[in-house]
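Treat the numbers as computed from the prediction; the structure is a model and nothing was measured. Below, each value reflects all heavy atoms present in this structure, side chains not excepted, and no hydrogens, waters or symmetry copies.
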Amino acid sequence: MKMIKMALLGGAALAVTAAAARADDLTDLKAQIESLNARVAQMEAVPAVPAGYSLLTISEGDATVVPGNALSAQDQASYGNKATIISVLPTADAPAATTVEWTGYARAALFYHGDSDDGFVDVLARGQLKVVGKTDTAVGEVGARLQLRGNYHIRDTNAGMVMNEAWGWWAMTPELTLGGGFTGSLGNIGYGYDGACNCYYTDNADVGMNPGDATQMRLSYASGPFSMAIALEDDDRQVDVDAFDHPIFSDGDLAGAAEIKYTGDMFNGEISAYFGEDRYRAGAGIGFSLGDIATISMGAQAGEKGVDDAFWTASILGSVNLSDEVHAEAAFGHTQYDDRDYQVNAVLVGVYYDPVSQLTIGLEGEWIDTDLAGDDGSYFADLVTVFRF
């Protein structure tokens with residue numbers, strides 16, 4: 001009897017203990033639920049992203065390489081490889097994801113220009129902004145790239161502001177892209193003296209292989225290391241100005257341009273041509289990479305810049321990495337005008353220090369001999385600083 005009584009008392013004590021433990025668990029669970037409700041209320045109070053979208057992010061990443069229209073070497077050097085990117089990820093019933101990215105720079109240079117008679121020193125500056133927007137649509141990626149530039153040369157004077165590029169594209173398939181707008185001519189050879197150098201304030205010699213910027217429509221194809229493109233470009237040139245100094249252009253001239261490119265790890269090259277109303281040019285360029293040590297870039301082009309104005313030009317540029325932060329480049333270029341019995345020789349050098357991706361400090365120099373009577377050559381030198389974001 002005594003044993004039964006002890007068992008009953010023990011069972012009662014155990015039940016009381018279990019009930020107390022369950023009460024503690026319920027109290028903890030209630031506290032957790034209250035904390036969760038408070039957190040949900042806090043999250044609901046945060047401002048929402050635009051209607052129809054579920055997520056908006058801002059980050060830094062690699063700048064977009066526009067299909068069929070990569071930046072020139074000079075623009076690439078000025079902007080760098082990074083950009084600030086706004087990404088909008090949609091809900092299930094909204095359009096596809098959209099990204100907008102921007103990057104820009106400001107630069108200044110202590111600049112010297114001299115010749116056999118005289119010389120001067122000045123401070124020059126430029127600011128430039130690049131914005132790229134693109135959307136993955138039901139028919140392929142659609143996007144646009146805009147560049148706005150301001151050059152500053154004179155005290156207390158507004159900059160000469162220009163939108164130096166307005167370009168849009170539709171990636172119809174992973175290989176085929178339709179583009180249009182205002183950008184560099186497809187007939188440009190992006191190699192050699194002015195095609196591959198940094199050239200912030202050098203590249204003033206007439207040894208280039210670029211017909212200039214033009215309004216155009218372009219169809220490009222790329223597969224692996226090979227790419228090709230064709231374009232119809234506006235070939236009009238300024239012929240006069242009106243009483244208000246507004247340019248007047250000739251009517252209806254079109255030019256055709258085409259290129260073929262190969263881009264490999266150790267070797268790359270291109271062939272391009274441009275044919276207008278009374279001018280044309282065709283040429284080729286090749287580049288070699290010696291790993292992380294150096295690169296060599298060469299180009300040549302021949303054609304006619306106008307009636308009875310035939311020319312040919314050739315150049316070579318070498319770039320050497322002196323350390324992880326310092327590289328140097330040197331180039332030589334020659335242009336011959338047969339009809340005018342006139343030639344141009346030019347040399348440029350530059351040393352650039354890039355301690356971080358946002359900053360470049362460089363020393364540049366250039367010598368130009370135009371082979372004119374009494375001309376002993378022109379000289380350019382500058383200390384340039386470039387600040388990026």
From CG (L317) to OG1 (T295), nearest 0.5 Å: 7.0 Å

Scan the side chains in residues 81-88 for donor-acceptor partners under 3.5 Å anywhere in the protein, sequence neighbours excluded, and list what turns up.
from	atom 1	to	atom 2	distance (Å)
N81	OD1	Q76	NE2	2.7
K82	NZ	D62	OD1	2.6

So, for Y274 and S185, which heavy atoms are closest and what is the spacing to 0.1 Å? CD1-OG, 3.6 Å

Plane angle bin for Y352 and Y200 - parallel if under 30°, tilted between 30 and 60°, otherwise perpendicular: perpendicular

Verify same cluster id: L383, F120 (apolar side-chain graph, 4.5 Å): no

Do any N or O atoms from the side chain of E270 and from the backbone of G190 form a donor-acceptor pair under 3.5 angstrom? yes

W167/Q147 under side-chain hydrogen bond (donor to acceptor under 3.5 Å, both in side chains): CA gap, chis, key distance, verdict: CA-CA 9 Å; W167 185 255; Q147 294 193 67; over 6 Å; no

To the nearest 0.5 Å, what is the distance between OG on S59 and CD on E101? 9.5 Å

Less than 4.0 Å between a side-chain N and a carboxylate O, is that true for R279 and D309? no

Does any N or O in the side chain of E233 come within less than 3.5 Å of the main-chain N or O of A257, such that one atom is a donor and the other an acceptor? no

Within 45 degrees of the ring normal and closer than 6.0 Å to the centroid, is that where the cationic atom of R126 sits relative to Y201? no

Check for a donor-acceptor pair, side chain of N345 on one end and backbone N or O of H334 on the other, with a separation under 3.5 Å. no

Cluster check F226, I286: I/L/V/M/F/W/Y, side chain < 4.5 angstrom: yes

Could you tell me the separation between the OG1 atom of T202 and the CD atom of E364, rounded to the nearest 0.5 Å? 4.0 Å

Might you work through the side-chain contact (heavy atoms from CB on, under 4.5 Å) test for F387 and L359, ending with a clear yes or no? CA-CA 5 Å; F387 313 94; L359 174 65; 3.7 Å; yes

What heavy-atom pair brings R145 and W169 nearest, and what distance separates the two atoms? N-CZ3, 4.1 Å

Would you say the side-chain atoms of W170 pair up with the backbone N or O of V139, donor to acceptor, closer than 3.5 Å? yes

Would the number of heavy atoms belonging to other residues, nucleotides or ligands and lying under 6.0 Å from CE of M217 be above 12? no

Step-by-step side-chain contact (heavy atoms from CB on, under 4.5 Å) determination, K305 to R281: CA-CA 8 Å; K305 293 186 177 181; R281 57 176 71 207; 3.7 Å; yes

Side-chain contact test, heavy atoms from C-beta onward, threshold under 4.5 Å: evaluate it for H113 versus S378 and give yes or no. yes

So do the side chains of Q128 and S78 get within less than 4.5 Å of each other, counting heavy atoms only? no

Of all the heavy-atom pairs spanning T103 and F389, show the shortest one and how long it is. OG1-O, 2.7 Å

What distance do D235 atom CG and E277 atom CD have between them, rounded to the nearest 0.5 Å? 7.0 Å

Within the 4.5 Å heavy-atom criterion, are I368 and F380 side-chain neighbours or not? yes

Connected via hydrophobic side-chain network under 4.5 Å: L178 and F182: no

If the threshold is 4.0 Å, N to carboxylate O, is there a salt bridge linking R107 and D382? no

Considering all heavy atoms of both residues, which atom of D265 and which atom of S289 are nearest to each other, and what is their separation? O-CB, 3.7 Å

Is the backbone N or O of T385 less than 3.5 Å from a side-chain atom of T360, with the two atoms forming a donor-acceptor pair by type? no

With the side chain counted from C-beta on, respond yes when Y193 and M209 share a heavy-atom pair under 4.5 Å apart, and no when they do not. no

Do you know the tightest heavy-atom contact between S297 and A196? OG-CB, 3.6 Å

Got a list of side-chain donor-acceptor pairs under 3.5 Å for residues 67-74, not counting sequence neighbours?
from	atom 1	to	atom 2	distance (Å)
N69	ND2	T183	OG1	3.3
S72	OG	D75	N	3.2
Q74	NE2	D194	O	2.4

When you compare the side chain of T370 with that of Y342, does any pair of heavy atoms fall below 4.5 Å? yes

Backbone N or O of A258 within a donor-acceptor pair of the S272 side chain at under 3.5 Å? no

Under the side-chain contact (heavy atoms from CB on, under 4.5 Å) criterion, do W312 and D338 qualify, and how do the steps go? CA-CA 8 Å; W312 66 267; D338 296 329; 4.2 Å; yes

Interatomic distance, CZ@F288 vs CG@N268, rounded to 0.5 Å, equals 8.5 Å

Are V66 and M172 linked, directly or through other ILVMFWY residues, by side chains that come within less than 4.5 angstrom of each other? no

Parallel, tilted or perpendicular: which fits the ring planes of F311 and Y337, with parallel below 30° and perpendicular above 60°? tilted

Is a donor on one side and an acceptor on the other found under 3.5 Å between the side chain of T135 and the backbone of T137? no

Would you say that K130 contacts V132 through its side chain, given a criterion of any heavy-atom pair below 4.5 Å between the two side chains? yes

Heavy-atom check, side chain of V207 versus side chain of S315, under 4.5 Å: no

Main-chain N/O of G212 paired to N210 side chain as donor or acceptor, under 3.5 Å: yes

Does V65 share a hydrophobic cluster with L146, counting links as ILVMFWY side-chain heavy atoms below 4.5 Å and allowing steps through other members? no

What distance do L129 atom CG and R149 atom CZ have between them, rounded to the nearest 0.5 Å? 12.5 Å

Write down the atom of A330, the atom of V349, and the distance for their closest heavy-atom approach. CB-CG1, 4.0 Å

Test item: Q216 side-chain N/O and A214 main-chain N/O as donor-acceptor pair under 3.5 Å: yes

Find out whether F267 and Y262 are in side-chain contact, i.e. whether some heavy atom of one side chain is under 4.5 Å from a heavy atom of the other. yes

Between the side chain of E329 and the main-chain N/O of N198, is any donor-acceptor distance below 3.5 Å? yes

